[in-house]
Amino acid sequence: MPTQTASRPLQAPLLKPLPLKIEGVGCYLPQRIVRNEELEQRCQLPTGWISKWMGVHERRWADHQRETNAFMGARAAEDALANAACDLTDIDLILNASGTHQHMLPENAPFIQEELGRAAHGIAAMSINATCLSFVVGLDTAASLLATGRYTRILIVSSDIASVGLNFEQPESAALFGDAAAAVVVSRSAPDESACLESAHFVTYSDGVRLTEIFAGASFEPSYHYDQDKHALYVFNMQGRKVLRLARKHLPSFLETLRTGLSQSLDGIDVVIPHQASRMGLKLAGGLKWSGEKIVQTLSSLGNTIAASIPLTLHEAIKTGQLKRGMRVLLVGTGAGLSIGGVILRY
């Protein structure tokens, strides 16, 4: 029998800041806007139900044969490169940080490279998949890689299509998700610049592993086993209330480990970019005695866009001027597993 061990203490957050500068941000939104009326009719819901309970008024759905993960990711990448005033010849790593796949194999990064054209050929391209936390994990990974000097400028791309796997028998999740892509160009900040990654922390509590899942389609239940009676195994399923309870249980201690006092106050934090998980998820953040005007929200107009959610909201904060150079920003969220992650950046 396995030896019983004491509970593992929470890992220490990053103790030494890593030089990291976000040089440019970009995004791509699918052309199709899906408003609540369409979904309320499809799911046989009362008028106004989605807005009241989900906090979403509209979302974008991709034409997934044309607006693929790679297509959307490449367009967001081009936007980020333009905003960073650089081009692909300045990039030495393309890091795909998405929660959904265009194909089971290869992973998304080579497809994004292909969509970017010949100028991108030969650039290292690889993926990180931590579901909704993929971008935050990607940012932390990029900071570490840049600090070693192995790479000089990294393009991080999050491109997610949720609409193809929605479970319309579960309107509380079907009404929540949208499709989108966002990208950032990051480099090692100069010694005289304040931009850096100050702190990072990630935890996983696998008692939540069955609460958010697509059960089938991989090695445990391969696609060739599919029949109509098993359709529910191949679409997204979420036990939202249980996820929320588990997150509520662990979030305060997680935040205290990320930064002492963070569960009680946003002192020293100028802007919060939370994962746009759900209306109740954002209320959970708002219930931490945090200053509401510091929390940036895009849930109402874009829904939950999985890993693209945080960089999209970051893009919005920068575009509107809510986040300016020198400010300190918290990026924080949850992912399937249940995982919780966050970083504090000096932008």
Side-chain angles (χ1 to χ4, degrees), residues 19-31 60 62-63 66-98 102 108-128 134-136 138-139 142-143 145-146 151-161 178-190 193 195 197 271 273 296 298 301-302 305 307-327 329 331 345-347:
L20 180 75
K21 182 177 181 179
I22 297 175
E23 295 188 350
V25 295
C27 73
Y28 177 85
L29 301 178
Q31 293 183 8
R60 304 292 183 104
D63 172 359
R66 183 182 64 83
E67 294 172 310
T68 62
N69 288 76
F71 174 88
M72 297 198 308
R75 303 294 83 77
E78 289 164 350
D79 191 22
L81 288 165
N83 284 325
C86 63
D87 57 37
L88 285 167
T89 59
D90 301 309
I91 301 296
D92 46 16
L93 174 62
I94 299 169
L95 194 59
N96 167 60
S98 305
Q102 181 168 313
N108 289 354
F111 289 107
I112 293 170
Q113 187 198 77
E114 179 187 46
E115 189 69 46
L116 285 168
R118 293 293 303 177
H121 286 205
I123 300 173
M126 60 191 73
S127 288
I128 287 173
S134 298
F135 176 78
V136 183
L139 203 60
L145 291 171
L146 290 165
Y151 299 100
T152 58
R153 187 171 279 110
I154 299 174
L155 174 62
I156 307 174
V157 182
S158 297
S159 179
D160 280 308
I161 297 177
D179 305 335
V184 300
V185 176
V186 294
S187 63
R188 181 170 178 155
S189 50
E193 292 179 313
L197 191 154
V271 178
I273 309 290
V296 185
T298 55
S301 58
L302 296 175
T305 55
S309 165
I310 286 178
L312 271 178
T313 309
L314 177 68
H315 178 274
E316 179 69 13
I318 294 170
K319 184 180 73 173
T320 60
Q322 190 167 352
L323 178 60
K324 298 181 176 69
R325 287 291 178 195
M327 286 184 170
V329 56
L331 312 183
L345 301 174
R346 177 78 75 168
Y347 175 70

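Owing to the predicted nature of the structure, the values given are computational and were not obtained by experimental measurement.
Qualifying side-chain contact (heavy atoms from CB on, under 4.5 Å) partners for Arg118, counting only residues two or more places apart in sequence or in other chains: His121. By the side-chain hydrogen bond (donor to acceptor under 3.5 Å, both in side chains) test, Asp87 pairs with Thr89, sequence neighbours left out. Every side-chain hydrogen bond (donor to acceptor under 3.5 Å, both in side chains) that Asn96 has, sequence neighbours left out, goes to Ser98, Ser127. Considering only residues two or more places apart in sequence or on other chains, Thr152 meets the side-chain hydrogen bond (donor to acceptor under 3.5 Å, both in side chains) condition with Asp92. Residues forming a ring-ring contact (aromatic ring centres under 6.0 Å, His included) with Phe111 (at least two apart in sequence, or on another chain): His103. Scanning for side-chain contact (heavy atoms from CB on, under 4.5 Å) contacts around Lys319 gives His315, Glu316, with sequence neighbours left out. In terms of the side-chain contact (heavy atoms from CB on, under 4.5 Å) criterion, residue partners of Glu193 (sequence neighbours excluded) are, by chain and number, Lys21, Ser189, Ala190. Partners of Ala181 according to the side-chain contact (heavy atoms from CB on, under 4.5 Å) rule, which considers only residues two or more places apart in sequence or in another chain, are Tyr28, Met72, Ala76, Ser159. Legend: residues meeting side-chain hydrogen bond (donor to acceptor under 3.5 Å, both in side chains) with Ser309, ordered by chain and number and at least two apart, are His275. Glu78 meets the salt bridge (charged side-chain N to carboxylate O under 4.0 Å, His left out) test with Arg75; sequence neighbours excluded.
Under a 3.5 Å cut-off, the side chain of Thr305 and the backbone N or O of Gly178 do not form any donor-acceptor pair. The closest donor-acceptor contact from the side chain of Arg188 to the backbone of Leu20 lies at 3.5 Å or more, if one exists at all. Gln102 contributes no side-chain N or O that, together with a main-chain N or O of Asn108, makes up a donor-acceptor pair within less than 3.5 Å. Judged purely by atom type and a 3.5 angstrom limit, Glu115 has no side-chain atom pairing as donor or acceptor with the backbone of Gly73.
Using a 4.5 Å heavy-atom threshold, the side chains of Leu81 and Ile91 count as touching. At a threshold of 4.5 Å between non-hydrogen side-chain atoms, the residues Val185 and Asp90 do not count as touching. Side-chain contact between Ile310 and Leu139 is absent, with no heavy-atom pair separated by less than 4.5 Å. Two residues are said to be in side-chain contact when any heavy atoms from C-beta on lie closer than 4.5 Å; Asp63 and Gln31 fail this criterion. Tyr347 is not listed as a side-chain neighbour of Leu314, based on a closest heavy-atom distance of 4.5 Å or more. Counting heavy atoms from C-beta on, the side chains of Leu29 and Leu302 come closer than 4.5 Å. Side-chain contact between Leu323 and Val296: absent, with no pair of heavy atoms (C-beta onward) separated by less than 4.5 Å.
Among residues at least two apart or in separate chains, salt bridge (Lys or Arg N to Asp or Glu O under 4.0 Å) pairs with a member in residues 151-161 are Glu23-Arg153.
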